[in-house]
Chemist: 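Before we start, here is the structure in question, set down as structure tokens.
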Amino acid sequence: MMNRRDFFRVVAASGATAAVTGCQRTAENILPLVVPNEHIVPGVAAWFATVCRECPAGCGVIARNREGRVVKLEGNPDHPVNQGALCARGQAALQGLYHPDRFAGPRLRDGAALKPVNWDAAQKVVADKIAALRSAGKGSAIALVTQLETGSLGAFLDTWTRALGTRPRLSFEPFGYEANRAANRITFGRDAIPYYAFEDARVVVSFGADFLETWLSNVNYARAFAHMHTFRDGRAGTYLHIEPRQSLTASNADEWVRNAPGSEGPLALAILKVMVDEGLADRRFGEAVARIDVKKVAADSGVPVETITRVARAFADGKPSLAIGGGMAVTGSNATQTLVAVNLLNAAAGNVGKTVRFGPDSAFGRVTPYAETARLVQAMARGEVEVLVLGSGVNPAYTLPGGLKFADAAKRVGLVVSFANQPDETTALAHVVLPDTHWLESWGDYSPREGVAGLMQPTMAPARDARPMGDTLLALGRAVLGSEAGKGPLPWATFEQYLKAAWEPSVKGAWASALRLGGVWKETAPVAVTARVAPVDPAPPTFEGTADGLALLAYPSFRFYDGRGASRAWLQEAPDTMTQAVWDPWVEIAAETAAKLGIARGDVVRVTSPHGAIELPAYVSPTLHPQAVAVPIGHRYAPYHIPRYVTAPLGPRNPVALLGPAAEGASGGPAYLGVRVTLAKTGARHPLAILQATHDQEGRELAQHVDLRAAREQALRGRQDHEAHTSMYPDPRYPGYRWGMAIDVDACIGCQACVVACQAENNVPVVGRAQAAYGRQLQWIRIERWAEGKPDRPTNLFLPMLCQHCEVAPCEPVCPVFAAYRTEEGLNGQVYNRCVGTRYCGNNCPYHVRRFNWFQYEFPAPLDVQLNPDVTVRQLGVMEKCTMCLQRIIAGKDHARDERRAVKDGDILTACQQTCPTRAITFGNLKDEQSAVVKFAHSPRAYHVLEEIGTRPSITYLQKVVREHA
Amino acid sequence: MAATADTVVGVFAHVDTTVRALEELRSKGYHDLAVYTPVPVHEIEEVLERDRPVSRVRLFTLIGGLTGTASGFLLTIWSAMQWGLTTGGKPVVSIPPFVVIAFELTILFGGLATVIGMAVLGRLPRLRPSPSFDPRFTNDRFGIAVHCAPGRSDSVREILRTAGAEEVRA
Amino acid sequence: MGAKAGVGALALVLLAVLVFLAVSSWSRQPAVAKPSSQPINFPHSVHVQTYRIDCQYCHSDARRSEYAGLPSVERCMGCHKIAGAALPEVKKVADYYARSEPIPWVRVNKLPEFTYFPHKAHIRANVKCQTCHGPVETMTTFGAETGPRLTNDLLNLVGLRPAPPPLTMGWCVDCHRRQNATAGMHAPLDCVTCHH
Amino acid sequence: MSDTRAASPTFADVTRDVVRTLEPPGNLYFAWMCVVALMLAGGIGAWTGQIWWGMGMAGKRVPQMWAMYITSFVFWIGIGHAGTLISAILYLFRARWRTSIYRAAEAMTIFAVMTAGLFPLIHAGRMWFAYYLLPYPNQRLLWPNFRSPLVWDVFAISTYLTISTVFFIVGLVPDIAALRDVSTGWRRRIYAMLALGWEGSDSQWRHYRRAYGLLASLATPLVLSVHSVVSWDFAMALVPGWHSTLFAPFFVDGAIFSGFAMVLILVLPMRHFFRLHAYIQEKHLDAMGKLILVTGLVLTYFYVCEVFTSLYSGDEIEKASLFWKVTKNYAWALWLMYFCNCVSPLILFWGKARTSPVVLYVVSILVLIGMWFERFNIIVPSLGHDFYPYTWGIYYPSPTDTMIVIGSFAWFFLLFLGFIKVMPSLSVVEVKETLPPPIKDRSHGGHR
């Protein structure tokens, strides 16, 4: 094996192109390796497979290492969960790795401040305290709380707690899907979360489950959803979504059904009732819905009977279909009953075992239910806990409901130890911080579902002084126990050793190949279950707070998850697709409510619940249910964001702080839908930083759609070619390749992964809230949301917009210095070092995809280490824009030339294409008739944006396919 | 203007007297004379232009202008062909836009050539004033400087004085 | 505004041009190596000329990477454990090796950071190292007179076309054009090949 | 002409009166200089900040990548046009009334072009590389793109500046010679140098007059081309509201319109403070008033055409752009422009208004405001509501933009204020030419 440590320590600074182009004359040193490493050639990327730990979905990633530093993450194409794709949060993990606020070494509290100390001193504080408690026989006063750790680390931690005699470890996840597990326990007798096979379903009905955003495994399900739903050769599945709020997931539905908050359960039962009544489901399910009155459900939920009937018929017609439930709208006091109803729907439609597969169960099934966490907090408040050890990735001070008063409870704990590697709300309460290595620097494993065991390896040396949590705990444990390495209950020298020992039986010497692959996967035998049919209580959820208040929907942001993504500036600047807002959180208020209260967008509104109050700018939504108010969870800033990118918030803004402490009885899950809030204008204004001027296309047909029937007809007959453009000039000729792209608007779900991937790949700086709001954002690709139809029930079209690489590019001839010109391979080239900055091209680009460096943007250290060495960092005053990942094209051609062949389809993937969970983007050679991009370009759904201007773009869009009833 | 020649300068206050003196001098065969006026005066020019060709400044202008046109087209076409870069799907050598450059260069070169022509033909700039010049000539007086054989200055003086010169000097 | 002011303005413009050129040349110029500036006085002439060691024996990354790379200290020691082990400069190498420290060589050839230059493609096209790096085999101290020069820019400015100095854009382009015209190569001339 | 003849000054009077304008200035002048210098310092400070921190200091954004700098650039180029029109075109047409104002107008042209010429530099993101726009042989073997209207601008404006300056200097030479010969001391020495040894001999006059005529006939197509080229910066682009074949004549007319307003703004105070009523007479004011009126009416016609073509074209995007301009965020600027440019000059139909300095001054100021906003309305609202609804947006000027634009006015007035105290702001020679030449004996030939 290679000597990884030596290799990473010696970084060969080989004059990478990534550095600010400017004056530099200081003598520059170049350092050779002391001992050569066969894996690393300076200037050539090495790839290391590991597992993404930004959320518990556990996608496989491969990290691109250049000269000892990771510069880009990509989905591991071999990993069964994400199959090469990666979401925005995964892409932005690099900013956690190189986070400017990362602790460099341990911290010890000294009054209000955390002071740097050395490892021995910090560990001694903890070890002494634990040892003292142990000798006093108070092992139960020691608590260990970590995020969901399914693999060796989890097992190791449990060994550790046993060895030290502490309380059992809590696997704490704010979104733990307790209700789903409870419902499965009730219906199927199985305390697990199954694998939902979207890919095999023909009709999907979601009861609030935001499976394209955060629900369980969003990349996995987005991939599968695209497979099921995207129009291909005349076939397309149907997807219906029921939720009070039009979430990003809901906006991808063929029909979004808006219901009153908490009425999903009755609706599911009503649908089942219709199925039973119409003979679409087995009679025995009638027992469950005997007491259901469809008309009453319709009246209570605000969903017309016709809609219920239509959904029921469509669902029954699916064969196989799939009903899923969850999401924050389904966490109220009736959550378990609602999900039981959803389970019955699946059972009645015969989906169990087909699209609902037990066996490959989700890791979420192993989350400690919220109720137990709540009990721990109560014990803390009673002073029964004297040492609280918090693993990295958990931030209970931020994510636990405000009603639980975690901060107060933590103040009663004698010693709070945190393994967080960057400051957050919890480290503010900690006495000792022992920074864990980032997951990209760590050994480990993670199994997101049965049969998939992902292996984690360090992809680079720690960017800051940090030690793996396992190593630190080993040292602590041995110090407490007074044992030596190799002996006692904790004999391992390092966690790495523990891991390898744990894996030895399963890999049997094939360790290296498992590492290379990123893990070990095997088919898991399905577990047959039968549904128990029993009456379901269709009671509406109970709410705390005044009766005339509005139900608070606190939902996880698809960018920040529970808030852990929010310290990544890339994610802050990738807009929320629905609102197109960056940086700021907001409170989404229904248009009716806003009109009543006289609230306009940007008015600061105080949201008050029995547990607290927060102040947020209003976003008036024409789609939200009037009985609801929605606030995204996870909007917080990292210290380095202020005042660099945003001004400091004036007050608390976390909606979780408004929630009550009570857990749902049946499942022990938290109630994200459990309080009613009142709204009051504060009189202040805080205009939101919204990037999109309007969601109305004004008839310009930028994002186009076609009716499903018409699309089918066209797919059969082909579309008449519209007239070719006439030109006074001869058609340009391309001696070699001609690069082009096809983007399927029908597949795009608006997840922003491409935006962040592009930002990571192309050294796109972060500009901050005010600049972004003022039309100075720099992202090379953006996802536009265009709303069509009725304002309160719009059809949303997501249009990824990037440089169109026009054949007749309006930007090119106006450039006085040839900085913009057409390359021999059909790209629209932009030569930064030639650019004078007249910005004429930016005006003349009808798509406005050219970006100008208004300032000299900074990459605060150590984020500058992440810069892609193959891409120039642009200086102040120059224009930039999408290059179609020219550096990847060059690398792809180089690779092909090494093999003495031409570039073929799939050799070159652009960063946006590579990461796209739904494979909406295809890049290729337009001169190769066999290439996928040409096939798309000839599709009957193909069109060009603003075709009538005659710019002849190299990017072809495919129309979205909409359903008749939508 | 031989060194041996005499120069007689007459200073006049009026145009008509100046013209009268000029007519008289010309009729007497004095052709080597210079007239100084604060403004160009048609009457004086008329007398003088009778035996002089049109100023050759326009030739300079023509040559300058044509040079400009040619260099405009040469520069644009030649430099466009250096790299052959396509912009906006248009031909590498696009004549219509190049006409603008050629036009501007025509004017530029033509104008500069005109000034050079004027300077060369008008013997400008002069480093020191000619001996017959008088500062009043740029204000409100007219002057006639007559170059004559050394012996004839007296008769010239006489002619000038008779015509109405305020002052006559050598 | 007479001639004097015109001359003054012209002088000002010229001065500004000079300053621009000076700054732009200066900012792109690589450091010039002096014997004292390198941590070890490494004579290329001895290695290349006397011992006939192939360039790529030490700079082994050139054929597979953007960078030519430097030999690892271990590779140096591969020979120098025995060869010349008593020489004072070689002892320095051994010291670095013993301390497991990289040798802090001073960079000699440097292109502006907005320029992408892959060694690999040039090696594949059989370009000799000396084409760009000069007669390395004769150099006791590796140095290079490269990069834009003020005099060169000024001569250009007045319309004389001096041969461009090595490792400048004009020099690269000249070579690419020559290769395409004479050797039937396909050396790219697309701007974005090097500037992206 | 008969009425003027009785009181007409003599040649010597003219010289004396012109020299009088160059006497050491009073306190009012210095006060003005101070105000102007202060404003200029603010502008220079703002520009320095913009170079240091970046173009983001100015209020530009997507979609208004161009805004007040290009507005002011076009405005100043336009101002310059009246000067050349007066000095060259009216010269060719032998409009004798031009003589008393043409020197000031010409100086105005040069200073306006010098002001305008700063704006492309101020506007460029990397102004330190602005020399990339010049075609000069270089080590990189690179040349500018002659297809870009910006390169046309470089050629048109540098040619315009050169030719205007040459024209101006040529016109000045005999005047400076006249000054030289009536002044003493260091002034005399400087004027002597600048006069290039002009003596007014018949051979000098002969070539001079020919050259002057030729320059005038070169400057005439040049002046028309310059604003046409500037208009093509917009007309060659795709932006709705820009892409129009109407722009060249539209811009040239507007340029002359605004230029005359600026001439009045400069000449009226000059006439007042220098007591030049004998030279800048009511008939001159009347003639300029008429020109403003006519160009204003032509401009109104162009506005109507612009709206008509927008509506008649059937191009929905053009129409949307127009409706947005007329009704939304920038409507105030549009209606202000219509008022200033179309309505306010109409008062000049009234003869007395044309000879009233106050009315003319007010109208001129309104016209200048209107014409600045005309360019603003072409640039900012058109860009703000173009093809792509996603990026539609409103431009807000920042302190930097504003101070630089104000500074540009200061720069212009500083140059002009300086000029009137060191150079003859009235053409000595040409004024003398219009006077009846001194004749001793009316019966004896002479004047026709």
Side-chain angles (χ1 to χ4, degrees), chain B residues 13-17 19-20 34-41 43-45 48 52 54-55 57-58 61 75-76 79-80 82-83 85 87-88 90 94 97-98 100-101 103-105 107-108 110-112 114-115 117-118 121-130 133 135-140 164, chain D residues 10-12 15 135 141-148 151-152 155-156 158-159 162-163 166-167 170 173-174 177-178 180-182 196-211 214-215 218-219 221-222 225 229 232 428-430 432-433 437-441 444-447:
Chain B
H14 303 285
V15 175
D16 51 346
T17 49
V19 172
R20 204 182 308 151
V35 184
Y36 297 95
T37 53
V39 297
V41 181
E43 293 80 352
I44 296 171
E45 275 174 15
L48 294 174
R52 286 187 191 169
V54 178
S55 164
V57 170
R58 57 185 180 176
T61 313
L75 174 67
T76 48
S79 76
Q82 283 296 294
W83 285 86
L85 296 177
T87 59
K90 293 170 178 61
S94 319
F98 295 171
V100 177
I101 307 295
F103 172 81
E104 300 296 345
L105 287 186
I107 302 284
L108 181 67
L112 292 176
T114 307
V115 175
M118 181 194 92
L121 298 172
R123 306 269 190 278
L124 287 173
R126 298 179 73 98
L127 293 180
R128 55 177 57 95
S130 53
F133 176 71
R136 285 173 295 172
F137 294 158
T138 58
N139 188 359
D140 58 348
Chain D
T10 63
F11 277 21
T15 312
L141 318 175
L142 296 175
W143 296 91
N145 177 9
F146 288 106
R147 273 159 280 179
S148 167
V151 174
W152 308 348
F155 276 75
S158 53
T159 301
T162 314
I163 296 298
V166 161
F167 201 40
V170 167
V173 164
R180 170 195 66 198
D181 294 340
V182 294
L196 305 174
W198 178 267
E199 293 175 343
S201 71
D202 59 319
S203 80
Q204 281 176 345
W205 276 122
R206 197 161 62 98
H207 300 299
Y208 177 87
R209 303 247 302 157
R210 173 62 62 171
L214 285 168
L215 278 177
L218 285 173
L222 175 65
S225 85
V229 166
W232 293 335
V428 181
V429 169
E430 292 219 14
K432 285 178 184 169
E433 263 189 279
I439 305 254
K440 192 177 192 182
D441 183 1
H444 189 95
H447 199 62

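The chains referred to below are lettered A, B, ... by the order of the sequence lines, with proteins before strands, and numbering in each begins at 1. Note that the structure is a prediction, hence the values are computed from the model and not measured. Just so you know, these numbers use all the heavy atoms, side chains as well, and skip hydrogens, waters and symmetry mates.
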Chemist: For the candidates D:E199, D:K432, D:R206, which exhibits the highest count of non-hydrogen atom pairs separated by less than 4.5 Å from chain B?
Modeler: D:E199
Chemist: Select one option (side chain, backbone, both, neither) describing which atoms of B:A34 are under 4.5 Å from chain D's heavy atoms.
Modeler: both
Chemist: For B:T87, is it the side chain, the backbone, both or neither that has a heavy atom under 4.5 Å from a heavy atom of chain D?
Modeler: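 Interface part for B:T87: both.
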Chemist: Looking at every heavy atom in both D:A177 and B:T138, which two are closest together, and how far apart are they?
Modeler: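 Of all heavy-atom pairs spanning D:A177 and B:T138, the closest is O-OG1, 3.7 Å.
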Chemist: Measure distances from B:V100 to the heavy atoms of chain D and classify the residue's part below 4.5 Å as side chain, backbone, both or neither.
Modeler: side chain
Chemist: Return the set of residues passing ring pair (Phe, Tyr, Trp, His ring centres under 6.0 Å) with D:W205 (not counting sequence neighbours), or none when no residue passes.
Modeler: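 Only D:W198, D:Y208 meet the ring pair (Phe, Tyr, Trp, His ring centres under 6.0 Å) criterion with D:W205.
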Chemist: Please name the pair of heavy atoms, one in B:L112 and one in D:I163, separated by the smallest distance, quoted to 0.1 Å.
Modeler: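 Looking at all heavy atoms of both residues, the closest pair is N-CD1, 4.4 Å.
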Chemist: Evaluate D:T162 against B:L108 for side chain to side chain contact (heavy atoms under 4.5 Å, CB included), listing each step before the verdict.
Modeler: CA-CA 7 Å; D:T162 314; B:L108 181 67; 3.6 Å; yes
Chemist: I need the minimum non-hydrogen distance between B:G122 and D:H207, along with the two atoms involved.
Modeler: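 Answer, listing the atom of B:G122 first, then D:H207: N-CD2, 3.7 Å.
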Chemist: Looking only at non-hydrogen atoms, find the nearest pair between D:L218 and B:G110 and report the distance.
Modeler: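 That closest heavy-atom pairing would be CD1-C, 3.5 Å.
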Chemist: Is the shortest heavy-atom distance from the side chain of B:L85 to the side chain of D:W143 under 4.5 Å?
Modeler: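 No - every pair of side-chain heavy atoms lies 4.5 Å or more apart.
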Chemist: Among D:R209, D:R180, D:Q204, who wins on heavy-atom pairs under 4.5 Å with chain B?
Modeler: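 Looking at each option in turn, the highest pair count goes to D:R209.
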Chemist: Measure across B:P97 and D:R147 and return the closest heavy-atom pair with its distance rounded to 0.1 Å.
Modeler: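 Result for this residue pair: CG-CG, 3.7 Å.
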Chemist: Do D:L215 and B:V115 have side chains that get closer than 4.5 Å, going by heavy atoms?
Modeler: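 Heavy-atom side-chain distance check passes, below 4.5 Å.
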Chemist: Are D:L214 and B:V57 packed together at the side-chain level, in the sense that at least one heavy-atom pair is separated by less than 4.5 angstrom?
Modeler: yes
Chemist: With a 4.5 Å heavy-atom cut-off, do D:S203 and B:L121 have their side chains touching?
Modeler: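 No; the side chains remain at least 4.5 Å from each other.
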Chemist: Could you look at B:S94 and say if it's the side chain, the backbone, both or neither that has a heavy atom under 4.5 Å from chain D?
Modeler: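 Side chain only.
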Chemist: Pick from D:F146, D:F155, D:F11: which one has the most heavy-atom pairs with chain B under 4.5 Å?
Modeler: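 When all of D:F146, D:F155, D:F11 are compared, D:F146 has the most.
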Chemist: Pick one of side chain, backbone, both or neither for B:T61, based on which atoms fall under 4.5 Å of a heavy atom in chain D.
Modeler: side chain
Chemist: Mind checking what makes side chain to side chain contact (heavy atoms under 4.5 Å, CB included) contact with D:P221, not counting sequence neighbours?
Modeler: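 If we apply the side chain to side chain contact (heavy atoms under 4.5 Å, CB included) test to D:P221, skipping adjacent residues, the hits are B:F103, B:I107.
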Chemist: Taking it one step at a time, do D:D181 and B:F133 satisfy side chain to side chain contact (heavy atoms under 4.5 Å, CB included)?
Modeler: CA-CA 11 Å; D:D181 294 340; B:F133 176 71; 3.3 Å; yes
